[in-house]
Amino acid sequence: MSTGAFPSPVRHFLAQLDELRSAEVLDMDKVGRLLVELAADEEYLGPLIAEIPSAASGGKWLVRPDRGPRLVLFHRPEGVMACTHSHRCWVGVAPVRGVESHQRWDAIRHEDGRAELRLADERALQRGDVATLVPPGDVHNHGHVAGTGPSPYSLILLGDDMLLFERQEYDPEQGTWRELAPGDPGLPHR
């Protein structure tokens, strides 16, 4: 991927990420550290955060190739959590500001639409923290839980365009799941 058109912090990040991706096995701990390093760049990210309306979920793509790693700066307002979902590609989430609530689930799907879901990990991510996931252990949800602190502005790094893949969306309260066809982003939040 040519990095020439990106701002300096993103060019530096992508160059380091490309170096990690050239290894035989991608070290997700190192990917997470790179993401945390970029998330700490308030000089670069502060003005971008100011462009995102604070009252609505939304984001700003920083890197969005047809294939390969994508990076988005994303905000969820107070009390808004994403639906539980899979990506079918590796992913990392690192807060720039606020508290990102992150839950990882163990999921067993049944053909009739039932799902056995067990909360495997729950964290309140703050600046300097990161969550990374690799399929098939990428069933998760994230966003903001009211009362945990300010709502988050977070960097989300995807290993590829997740909308190219069949994925799943889960409802832990109902114990159900549904298939998301390629191109279907699923429900925006719970």
Side-chain angles (χ1 to χ4, degrees), residues 32 35-36 38-42 44-64 70-109 113-135 137-159 161-163 167-180 183-190:
L35 193 58
V36 166
L38 181 59
D41 190 337
E42 185 68 33
Y44 170 62
L45 296 169
L48 298 176
I49 287 172
E51 296 173 9
I52 301 172
S54 62
S57 291
K60 185 172 202 56
W61 284 102
L62 306 179
V63 178
R64 194 177 186 185
R70 298 168 146 229
L71 181 65
V72 64
L73 174 63
F74 202 84
H75 170 68
R76 290 199 202 278
E78 183 163 342
V80 175
M81 290 288 285
C83 287
T84 304
H85 60 280
S86 64
H87 283 279
R88 297 282 304 273
C89 62
W90 56 263
V91 61
V93 179
V96 177
R97 291 186 189 162
V99 178
E100 178 88 28
S101 297
H102 189 272
Q103 298 174 332
R104 185 178 60 79
W105 298 83
D106 290 332
I108 300 172
R109 296 186 311 273
R114 290 179 305 111
E116 296 173 42
L117 296 159
R118 182 184 68 79
L119 185 60
D121 183 45
E122 184 170 25
R123 298 171 56 200
L125 304 173
Q126 299 181 36
R127 188 179 192 146
D129 294 331
V130 66
T132 60
L133 303 164
V134 177
D138 65 329
V139 176
H140 70 285
N141 57 283
H142 55 98
H144 187 259
V145 173
T148 61
S151 63
Y153 292 84
S154 297
L155 291 177
I156 301 172
L157 176 64
L158 301 162
D161 179 357
M162 69 180 188
L163 296 181
R167 304 176 307 116
Q168 294 80 38
E169 186 171 83
Y170 299 84
D171 184 332
E173 283 98 32
Q174 299 296 317
T176 59
W177 72 280
R178 71 181 185 108
E179 194 75 38
L180 298 175
D184 183 350
L187 297 172
H189 51 78
R190 291 197 242 189

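Here the structure is a predicted model, which is why all the values come from computation and not from measurement.
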Which heavy-atom pair separates [X] from [Y] by the least distance, and what is that distance?
X: Trp90; Y: Pro135; value: N-CD, 3.8 Å
X: Cys89; Y: Gly159; value: SG-N, 4.0 Å
X: Pro95; Y: Ala39; value: O-CB, 3.6 Å
X: Ala94; Y: Val130; value: CB-CG2, 4.1 Å
X: Ala82; Y: Asn141; value: O-CB, 3.4 Å
X: Glu179; Y: Gln168; value: OE2-NE2, 3.1 Å

Carefully, step by step, assess His142 and Leu125 under the rule side chain to side chain contact (heavy atoms under 4.5 Å, CB included).
CA-CA 10 Å; His142 55 98; Leu125 304 173; over 6 Å; no

Is the closest side-chain heavy-atom distance between Ser54 and Pro77 below 4.5 Å?
no

Is there side-chain contact between Gln126 and Val99, with heavy atoms separated by less than 4.5 Å?
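Touching, per the 4.5 Å side-chain cut-off.
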
Is the [X] ring parallel, tilted or perpendicular to the [Y] ring (thresholds 30°, 60°)?
X: Tyr170; Y: Trp177; answer: tilted
X: His87; Y: His85; answer: perpendicular
X: Tyr153; Y: His75; answer: parallel

Straight-line distance of [X] [atom1] to [Y] [atom2], nearest 0.5 Å:
X: Asp121; Y: His140; atom1: CG; atom2: NE2; value: 12.0 Å
X: Glu169; Y: Arg178; atom1: CD; atom2: CZ; value: 4.5 Å
X: Arg88; Y: Leu163; atom1: CZ; atom2: CG; value: 13.0 Å
X: Trp105; Y: Asp138; atom1: CH2; atom2: CG; value: 15.0 Å
X: Ser101; Y: Glu122; atom1: OG; atom2: CD; value: 7.0 Å
X: Thr132; Y: Arg104; atom1: OG1; atom2: CZ; value: 10.0 Å

Check whether any side-chain N or O of [X] sits under 3.5 Å from a backbone N or O of [Y] as a donor-acceptor pair, and report yes or no.
X: Arg127; Y: Ala40; result: yes
X: Asp41; Y: Leu38; result: no
X: Arg76; Y: Ser154; result: no

Between Leu71 and Leu35, is a side chain to side chain contact (heavy atoms under 4.5 Å, CB included) present by the stated rule, with each step listed?
CA-CA 10 Å; Leu71 181 65; Leu35 193 58; 3.9 Å; yes

Determine, step by step, whether Leu62 and Leu48 satisfy the side chain to side chain contact (heavy atoms under 4.5 Å, CB included) criterion, reporting the C-alpha distance in whole Å, the side-chain angles of both residues, the deciding distance to 0.1 Å, and the verdict.
CA-CA 10 Å; Leu62 306 179; Leu48 298 176; 3.7 Å; yes

Please step through side chain to side chain contact (heavy atoms under 4.5 Å, CB included) for the pair Leu133 and His102, ending with a clear verdict.
CA-CA 11 Å; Leu133 303 164; His102 189 272; 3.9 Å; yes

Residues that Arg123 engages under side-chain hydrogen bond (donor to acceptor under 3.5 Å, both in side chains), provided they are two or more places apart
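In terms of side-chain hydrogen bond (donor to acceptor under 3.5 Å, both in side chains), with neighbours along the sequence ignored, Arg123 is linked to no residue.
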
